[in-house]
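What follows is a single structure, written as structure tokens, with notes after it.
Numbers restart at 1 for each chain; the letters A, B, ... are given by sequence-line order, proteins then strands.
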There are 2 protein chains.
Amino acid sequence: MNEPAPQVEPQDSVRNDIPDIVIGRLPIYLRTLKLLMERGSEVTSSQELGDLLGISSAQIRKDLSHFGEFGKQGTGYNIPFLNKQLEKILKVDCVWPVVMVGAGNLGTALASYNGFENRGFRIVALFDSAPEKIGQQLGAITVQPLEEIPVVVRRTHCQVAVLAVPAAAAQAVSALLIESGINSILCYAPITLSVPENVRVEYIDPVIHFQHMTYYLRKGCIEDA
Amino acid sequence: MNEPAPQVEPQDSVRNDIPDIVIGRLPIYLRTLKLLMERGSEVTSSQELGDLLGISSAQIRKDLSHFGEFGKQGTGYNIPFLNKQLEKILKVDCVWPVVMVGAGNLGTALASYNGFENRGFRIVALFDSAPEKIGQQLGAITVQPLEEIPVVVRRTHCQVAVLAVPAAAAQAVSALLIESGINSILCYAPITLSVPENVRVEYIDPVIHFQHMTYYLRKGCIEDA
DNA sequence: CCGCGATTGTACCTGCAATCACAAACGCGG
DNA sequence: CCGCGTTTGTGATTGCAGGTACAATCGCGG
Ligand SMILES: NC(=O)c1ccc[n+]([C@@H]2O[C@H](COP(=O)([O-])OP(=O)(O)OC[C@H]3O[C@@H](n4cnc5c(N)ncnc54)[C@H](O)[C@@H]3O)[C@@H](O)[C@H]2O)c1
Ligand SMILES: NC(=O)c1ccc[n+]([C@@H]2O[C@H](COP(=O)([O-])OP(=O)(O)OC[C@H]3O[C@@H](n4cnc5c(N)ncnc54)[C@H](O)[C@@H]3O)[C@@H](O)[C@H]2O)c1
């Protein structure tokens with residue numbers, strides 16, 4: 001469909017020497033640049049960005065320098081320009097299709113969330129195994145049965161999926177997604193998936209964050225468990 | 001303003017020399033141990049845990065060794081015992097009260113989520129600024145106006161909050177929470193908060209994960225933005 | 001046209017995180 | 001009771017992430 005396909009290399013082999021941890025910070029920078037754009041600023045500096053994000057200016061400069069020279073000495077970075085460059089690097093200067101499985105509480109909240117589109121993503125399909133959920137309309141999309149996953153994933157050339165099913169079902173559903181062509185999964189189920197090497201999984205589990213926090217607190221809880 | 005509230009030790013001072021990154025992995029270990037317990041296993045090894053989590057056995061052993069000697073050579077770790085030890089270390093051998101602000105799509109999904117309690121947390125209150133949301137019933141809790149935040153936080157001695165309001169409101173709401181005695185915030189709004197040093201903020205933003213993933217993908221999106 | 005404050009990009013250095021490797025300890029079977 | 005396979009806990013080692021420091025460059029004002 002859209003093809004200035006930049007020579008694609010098998011994603012495992014070509015890990016540009018750029019560290020993954022650096023890639024992980026780019027979306028944060030991008031998010032902050034969009035905020036500054038909304039505020040109408042034209043330029044910023046590594047110092048200002050660092051202050052906003054609570055990290056050092058040197059780290060920001062070094063991270064960006066992996067990809068080119070985007071700033072001007074004495075001035076800083078042009079915000080719309082840097083924004084566009086980061087979008088290109090992360091390949092979000094376009095909209096990616098995303099499929100989701102699990103039309104429960106969380107899945108429906110995500111499906112009706114309107115904050116994806118302007119950051120490069122659109123949920124194009126939602127699947128569930130419960131017969132009573134099939135056919136439900138959520139915004140522009142309709143809940144479909146699992147059998148449709150292979151069909152839809154192939155038709156849309158979708159590579160990214162969200163998993164919002166109970167933990168007990170997550171492993172099996174992920175296998176189905178991967179068979180159908182998905183290679184990137186965002187998993188909300190509180191479980192670590194076992195997947196082939198060429199599939200990337202990231203996790204969101206609020207309890208992990210809570211438990212990290214309580215380590216540093218002094219005890220003051222409601223009741224013993 | 002906030003006085004007899006359970007005050008955190010300034011987390012800088014009490015930083016047992018244990019690295020924060022180690023603490024961050026403990027909840028993952030704990031989650032996996034609970035899974036193994038459900039499966040009825042009695043013992044496990046750093047090897048098995050590492051395989052389940054995709055990390056090295058040595059790292060698991062070293063992480064645990066910061067807190068004591070929980071295993072037995074030749075045998076491994078007793079699962080219920082290690083589970084209990086980790087719960088103690090993370091202080092989740094009890095239930096922590098959590099307040100939440102924002103009763104929108106996401107907030108209501110979280111409020112009705114039943115996966116918090118058995119991992120150490122309970123959402124005890126939900127606040128919103130919209131008059132039409134006030135009084136809504138969600139499971140056991142009722143949506144309250146923002147004015148109640150200081151009262152409720154102090155009464156419950158709650159230290160942990162979830163922020164599920166629009167990005168534009170997040171900074172102001174966080175200030176109100178902190179004034180009221182909150183010192184740990186899980187922020188779902190796609191924005192970096194500015195908070196005092198003794199307050200810990202963690203973030204959940206699915207788009208950050210998506211954008212991290214697309215860096216490694218070959219382009220195949222729907223349309224240019 | 002020049003000098004000055006500001007800011008970048010980068011070479012160098014430091015420190016810590018992750019891995020390696022192994023002695024010590026355990027269970028078991030004979 | 002001993003010897004063997006297993007697994008832990010930990011000192012030693014490696015590798016890399018982040019910080020430091022500064023020369024190079026820019027805009028601007030005089
Ligand atoms: N709701 C939240 O706020 C929240 C918060 C944190 C984590 N989570 C996690 O997200 C996941 C979903 O949570 P939820 O609250 O939406 O649960 P839910 O029970 O409301 O919804 C789960 C949905 O998945 C569907 N489902 C079950 N098995 C399936 C299968 N094999 N294939 C396809 N669909 C299947 C169910 O029909 C249901 O619609 C869970 O793993 C949960 O632990 C949810
Ligand atoms: N819905 C999702 O799946 C999703 C996904 C990712 C991130 N988020 C983020 O989570 C946050 C909430 O998302 P949502 O979809 O629930 O939005 P929403 O619009 O459905 O709900 C927001 C709620 O916050 C309330 N609110 C607004 N201003 C407030 C204020 N000053 N004080 C208290 N309450 C206020 C509104 O009345 C509303 O009830 C947003 O920042 C959003 O970007 C949501």
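- Screening residues 194-213 of chain A for ring pair (Phe, Tyr, Trp, His ring centres under 6.0 Å), with sequence neighbours left out, gives A:Phe210-B:Phe116, A:Phe210-B:Phe121.
- In this structure a side-chain-to-backbone donor-acceptor pair under 3.5 Å is missing from A:Gln159 to A:Trp96.
- Here the side chain of A:Ile21 is nearest to one of D:dG18, C:dA18, D:dT7, namely D:dG18.
- Out of D:dA17, C:dT7, D:dT8, the shortest distance to the side chain of A:Pro19 is found at D:dA17.
- What separates CG of B:Asp20 from P of C:dA18 is a distance of 12 Å, to the nearest Å.
- Atom C1' of nucleotide D:dG27 and atom CD of A:Glu42 are separated by 16 Å, given to the nearest angstrom.
- Listed nucleotides C:dG27, D:dG27, D:dT10 differ in distance to B:Ser65; the shortest reach to its side chain belongs to D:dT10.
- Regarding A:Asp63, its CG atom lies at a distance of 7 Å from the P atom of D:dG18, rounded to whole Å.
- The backbone N or O of A:Leu217 lies less than 3.5 Å from no partner atom in the side chain of A:Thr214, so there is not a single donor-acceptor pair.
- Sorted by residue number, the members of residues 47-62 of chain B with any non-hydrogen atom under 4.0 Å from DNA chain D read B:Arg61, B:Lys62.
- Between B:Arg25 atom CZ and C:dA17 atom P the separation is 9 Å, expressed in whole Å.
- Computed from coordinates, the A:Phe70 CZ to D:dC26 C1' distance equals 19 Å when rounded to whole Å.
- Going from atom CD1 of A:Ile18 over to atom P of D:dA17 covers 12 Å, rounded to whole Å.
- For B:Lys72, whose side chain is taken as the heavy atoms from C-beta onward, the closest listed nucleotide among D:dT8, D:dC26, C:dC26 is C:dC26.
- For the pair A:Ser46 and C:dT8, the criterion of a side-chain N or O lying under 4.0 Å from OP1 or OP2 is met.
- The distance between atom CG of B:Leu82 and atom C1' of D:dG9, rounded to the nearest whole Å, is 14 Å.
- Panel note: side chain B:His66, backbone B:Lys62; a donor-acceptor pair is recorded below 3.5 Å.
- Evaluation of the side-chain hydrogen bond (donor to acceptor under 3.5 Å, both in side chains) rule for A:Ser57 yields A:Arg61 as partners, not counting sequence neighbours.
- Here B:Arg25 does not pair with B:Asp20 in a salt bridge; the nearest charged N to carboxylate O distance is not below 4.0 Å.
- Nearer to the 5' terminus of DNA chain C, by closest-nucleotide assignment, is the contact made by A:Gln73 (compared with the other of A:His66 and A:Gln73).
- Contact annotation: B:Tyr77 does not reach the phosphate of C:dC26 (side-chain N/O to OP1 or OP2, under 4.0 Å).
- The pair B:Arg200-B:Glu202 counts as a salt bridge, with a side-chain nitrogen and a carboxylate oxygen less than 4.0 angstrom apart.
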